[in-house]
Participant: 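Before anything else, here's the structure in question.
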Amino acid sequence: MIGLPLSIPELKWLLIGQRLGDGFTMYRDLYDYTGPVAVFFYKWLDMIFGRSRWVHVVFSTLLITIQAGMLNGLLIRNKAYAENNYLPAFIYVICMSATMDFFALSPQLISVTFIIMALNHVFRRIDNVITDELFLYSGFYLGLALMCYLPSAVFFLIFLLSLILFSSAVARRILLFIYGASVVVLIIWAYYYWFDASSDFFYDYFATPFLKDKMWYVNFLGLAKISAVLIIAMLLGVSVVFTQRVTNFQQKMQQVMLLFIVAGFGVLFLNSDLMTADLVFFVPSITFFLVYYFLGLKRQVWKVVLPYGLIISLLVYPYFWMNSEDAAGLIVSTDGPKPASKESLMGIGVDITSYKNYDIAGPFLDPFVSERKIEQLDYFDGVSGLYYGITSSEPDLIYDEAEVVSILFQRFPKFAKAYEQSAANHYKKISN
């Protein structure tokens, strides 16, 4: 797509949408730990438009535009700067374009939408707007962010700390803040309870990320190289805290956004899959401080050279790394044979890239979660839990890298009769 390589996480999100769009339930019939709010978007996009990367690109672009507008509006309403303009929205879009995954509709990007919505209420509270709804809505939005991407829980703690440090938040309102987030979790739990998947939801989403080994799509050094210009932009922006004079309220806003940066680093260290999409959590704070920096430039030559130079660098720099060794673990390889016709695949223990030329037709997406489900085949509850996800899938091919398909065939003999072995650990559907 216009030279932009497909990333492995992006392929996974497309596969999730396709599987759920076929009428299956997340966690019960698809074994992965992606957030329930994010998969809701993937499911409906697939149901309406089919498995299309272009649809994700269009909607991610739309979402970034909405986020830029929201951030610009809340900064104007809260008088963050001495003058009102649309520079924050412009800078936000530019910085998002520097994350290399800006075109992907990631759970991180969706989560940032709700974090910005919560940020508006936090700023209003710091400005001494005292209503219980501010705490309730803030918690509700951060609960949605948490249900998109689990490491977003860091922002819940950071915003709670901001309310305690920078406003006179009483215990009752703090409880409302916590209650707002709890309501979101309870509603989603009730949804999966209705589909007999509540225990799978809690274990797969809340426990699995802390039990599995960290997936290094890119290491910390590689992430630093890929985001070098973004880091420079952040350092330039944060320098205004020491060089510019602001009002007391603006100083409190700056302190909140500094904590926002701390939360971004918290996400990097707590997440289970380190990827460039995690950089989006830094963009609101970088935008906030960078606008201060640009507006505070005094000499005319710097007002021209620095903004244009930094903006061009932010736009161009990430593309040098797309085919580099540091980003190799993030990109889906285009090598290998392509099937003559589109076939469906049930992969067990296979890498996600195995699906690049196939439709997904089985519950086994994440190897770690799938291994736990397979271990339950020795118990009645485990077999009944797998029954619908297996027997309702009719893959053309089965790739069994985990070497457990014999157990599946033993537990589901009717399913087994439809397949014959075509190669080592490979099975093909018998043509009628």
Participant: State, to 0.1 Å, how close L105 and W13 come at their nearest heavy-atom pair, and which atoms those are.
Facilitator: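 Distance-wise, the nearest heavy atoms are O-CE3, 3.9 Å.
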Participant: Are K373 and F368 in a cation-pi setup, meaning NZ or CZ lies under 6.0 angstrom from the ring centre and within 45 degrees of the ring axis?
Facilitator: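 No, a cation-pi geometry is absent between K373 and F368.
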Participant: Determine the minimum heavy-atom distance between G35 and Y205, stating which atoms define it.
Facilitator: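 Taking every non-hydrogen atom into account, CA-CE1, 3.3 Å.
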Participant: Could you tell me whether F415 atom CZ has more than 12 heavy atoms of other residues or ligands within 6.0 Å of it?
Facilitator: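 Yes, CZ of F415 has more than 12 neighbouring heavy atoms, counting only those of other groups under 6.0 Å.
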Participant: Would you say that more than 12 heavy atoms from the other residues, nucleotides or ligands in this model lie under 6.0 Å from the CH2 of W216, or not?
Facilitator: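 Yes, because the 6.0 Å sphere around CH2 of W216 holds more than 12 heavy atoms from other groups.
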Participant: Which heavy atom of M70 sits nearest a heavy atom of I116, and at what distance?
Facilitator: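 Nearest pair, atom of M70 first, then I116: CB-CG2, 4.1 Å.
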Participant: Ring centres under 6.0 Å, that's the criterion: do F135 and H121 meet it?
Facilitator: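 That pair fails the under 6.0 Å test.
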Participant: Looking at F49, is its backbone amide N or carbonyl O close enough to the side chain of S52 to form a donor-acceptor pair, meaning the two atoms are under 3.5 Å apart?
Facilitator: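 No: the side chain of S52 does not pair with the backbone of F49.
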Participant: Which heavy atom of Y81 sits nearest to which heavy atom of F288, and what is that distance?
Facilitator: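 In this case the closest contact between Y81 and F288 is OH-O, 2.8 Å.
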Participant: Can you find a pair of side-chain heavy atoms, one from Y388 and one from D196, that are under 4.5 Å apart?
Facilitator: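 In short, these two side chains do not touch, never coming nearer than 4.5 Å.
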Participant: Which distance, rounded to the nearest 0.5 Å, do you find between the CZ of F140 and the CG of L176?
Facilitator: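 Result: 14.0 Å between the selected atoms.
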Participant: Distance check, rounded to the nearest 0.5 Å: I311 atom CD1 versus C95 atom SG?
Facilitator: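 So the gap between those two atoms works out to 8.5 Å.
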Participant: Please check if the side chain of Y419 supplies one atom and the backbone of P395 the other of a donor-acceptor pair under 3.5 Å.
Facilitator: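 Indeed, once roles are kept as given, a pair shorter than 3.5 Å links the two residues.
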Participant: At what distance, to the nearest 0.5 angstrom, does CG of L71 lie from CD1 of I115?
Facilitator: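 Between atom CG of L71 and atom CD1 of I115 there are 12.0 Å.
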Participant: Would a 4.5 Å heavy-atom cut-off, applied to side chains only, mark L365 and I16 as touching?
Facilitator: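 Sidechains of I16 and L365: in contact.
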Participant: With the side chain counted from C-beta on, respond yes when L314 and S97 share a heavy-atom pair under 4.5 Å apart, and no when they do not.
Facilitator: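 With C-beta onward as the side chain, the pair stays apart.
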Participant: Taking atom types as modelled, find out whether Y427 and E420 have a side-chain donor-acceptor pair closer than 3.5 angstrom.
Facilitator: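 Absent: no donor and acceptor within the cut-off.
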Participant: Are D46 and Q18 linked by a side-chain donor-acceptor pair shorter than 3.5 Å?
Facilitator: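 Looking only at side-chain atoms, Q18 and D46 do not form any donor-acceptor pair under 3.5 Å.
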Participant: Of all the heavy-atom pairs spanning R19 and S393, show the shortest one and how long it is.
Facilitator: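 That closest heavy-atom pairing would be NH1-OG, 2.9 Å.
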Participant: Does the side chain of L63 come within less than 4.5 Å of S60's, by heavy atoms?
Facilitator: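 They are not in contact (no side-chain heavy atoms under 4.5 Å apart), so the answer is no.
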Participant: Contact between Y31 and D366 at the side-chain level, heavy atoms closer than 4.5 Å - yes or no?
Facilitator: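 A side-chain contact under 4.5 Å is absent here.
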Participant: Consider only side-chain N and O atoms of E401 and N425, and report whether a donor and an acceptor are under 3.5 Å apart.
Facilitator: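 N425 and E401 do not have a side-chain donor-acceptor pair below 3.5 Å.
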Participant: Check each of F206, Y191, W189 against F201 using the ring pair (Phe, Tyr, Trp, His ring centres under 6.0 Å) test, and report the only one that passes.
Facilitator: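 Of all the options given, the one that passes is F206.
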Participant: Does any N or O in the side chain of D351 come within less than 3.5 Å of the main-chain N or O of S354, such that one atom is a donor and the other an acceptor?
Facilitator: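 Not a single qualifying donor-acceptor pair exists.
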Participant: Mark yes or no for whether T391, through its side chain, and Y387, through its backbone, hold a donor-acceptor pair below 3.5 Å.
Facilitator: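 Yes.
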Participant: Would a distance-only check, ignoring hydrogens and angles, find a side-chain to backbone donor-acceptor pair under 3.5 Å from S392 to G389?
Facilitator: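 Checking the backbone N and O of G389 against the side chain of S392, no donor-acceptor pair under 3.5 Å is found.
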Participant: Taking everything shown except Y192 itself, do over 12 heavy atoms lie less than 6.0 Å from its OH?
Facilitator: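 Enclosed: over 12 neighbouring heavy atoms sit under 6.0 Å from OH of Y192.
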Participant: Quick one: is the NZ or CZ of R28 closer than 6.0 Å to the six-membered ring centre of F195, and within 45° of its axis?
Facilitator: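 Judged by the rule (NZ or CZ under 6.0 Å from the ring centre, within 45° of its axis), R28 is not positioned above F195.
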Participant: Look at the side chain of D396 and the backbone N and O of S344, then say whether any donor-acceptor pair between them is shorter than 3.5 Å.
Facilitator: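 Here the side-chain-to-backbone pair exists.
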Participant: Compare all side-chain heavy atoms of V404 with those of I348 and state whether any distance is below 4.5 angstrom.
Facilitator: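 V404 vs I348: side chains touch.
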Participant: Using 4.0 Å as the upper bound for N to carboxylate O, is an ion pair formed by K214 and D273?
Facilitator: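 No, D273 and K214 are not salt-bridged.
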Participant: State whether the side chain of N78 and the backbone N or O of L74 hold a donor-acceptor pair below 3.5 Å, judged by distance alone.
Facilitator: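 Indeed, once roles are kept as given, a pair shorter than 3.5 Å links the two residues.
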Participant: Measuring from atom OG1 of T208 to atom CG of D32, what distance do you get when rounded to the nearest 0.5 angstrom?
Facilitator: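 That separation rounds to 9.0 Å.
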Participant: About how many Å separate CE of M275 and CD1 of I8, when rounded to the nearest 0.5 Å?
Facilitator: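 CE of M275 is found 10.0 Å from CD1 of I8.
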Participant: For Y42 and H56, I'd like to know if the aromatic rings sit close, meaning centre-to-centre distance below 6.0 Å.
Facilitator: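 Distance test on ring centres: under 6.0 Å, yes.
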Participant: Are Y193 and F202, when compared by the centres of their aromatic rings, separated by less than 6.0 Å?
Facilitator: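 For Y193 and F202, the ring centres are not under 6.0 Å apart.
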Participant: Run F281 and F155 through side chain to side chain contact (heavy atoms under 4.5 Å, CB included) and show every step you take.
Facilitator: CA-CA 10 Å; F281 290 108; F155 286 90; 3.5 Å; yes
Participant: Which atom pair, heavy atoms only, marks the closest approach of I360 to L15?
Facilitator: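 Shortest heavy-atom separation between I360 and L15 comes out as CG2-O, 3.5 Å.
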Participant: Does a salt bridge link K43 with D22, judged by any charged N lying under 4.0 Å from a carboxylate O?
Facilitator: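 Salt bridge flag = no for D22 with K43.
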Participant: Can you list the steps and then say if E10 with R53 is a salt bridge (charged side-chain N to carboxylate O under 4.0 Å, His left out)?
Facilitator: CA-CA 8 Å; E10 192 179 0; R53 189 188 181 198; 2.9 Å; yes
Participant: Do L330 and P9 have side-chain heavy atoms sitting under 4.5 Å apart?
Facilitator: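 Of all side-chain heavy-atom pairs linking P9 with L330, at least one is under 4.5 Å.
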Participant: Has the side chain of Y355 got a donor or acceptor atom that lies under 3.5 Å from a matching backbone atom of K12?
Facilitator: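 Not a single qualifying donor-acceptor pair exists.
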Participant: So among F260, F289, F265, which one has a ring pair (Phe, Tyr, Trp, His ring centres under 6.0 Å) with F282?
Facilitator: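 When F260, F289, F265 are each tested with F282, the ring pair (Phe, Tyr, Trp, His ring centres under 6.0 Å) holds only for F265.
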Participant: Kindly indicate whether the side chain of D400, heavy atoms from C-beta on, has any atom under 4.5 Å from the side chain of H426.
Facilitator: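 Counting from C-beta outward, D400 and H426 never come under 4.5 Å.
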Participant: With a 6.0 Å cut-off (strictly less than), is the heavy-atom count around NZ of K212, excluding the residue itself, greater than 12?
Facilitator: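 Yes, the 6.0 Å shell around NZ holds more than 12 heavy atoms from other groups.
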Participant: Does the side chain to side chain contact (heavy atoms under 4.5 Å, CB included) test come out yes or no for V55 and I48, once each step is laid out?
Facilitator: CA-CA 10 Å; V55 172; I48 297 171; over 6 Å; no
Participant: When the ring centroid of F177 is compared with that of F159, is the distance short of 6.0 Å?
Facilitator: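 For F177 and F159, the ring centres are not under 6.0 Å apart.
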Participant: Step by step, would you call L223 with L274 a side chain to side chain contact (heavy atoms under 4.5 Å, CB included)?
Facilitator: CA-CA 9 Å; L223 191 65; L274 186 64; 4.1 Å; yes
Participant: What do the steps show when you test V112 against Y149 for side chain to side chain contact (heavy atoms under 4.5 Å, CB included), and what is the final call?
Facilitator: CA-CA 9 Å; V112 167; Y149 190 60; over 6 Å; no
Participant: Which distance, rounded to the nearest 0.5 Å, do you find between the CG of L142 and the CG of L160?
Facilitator: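 That separation rounds to 9.5 Å.
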Participant: Short question: side chain of D29, backbone of T25 - any donor-acceptor pair under 3.5 Å?
Facilitator: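 Present.
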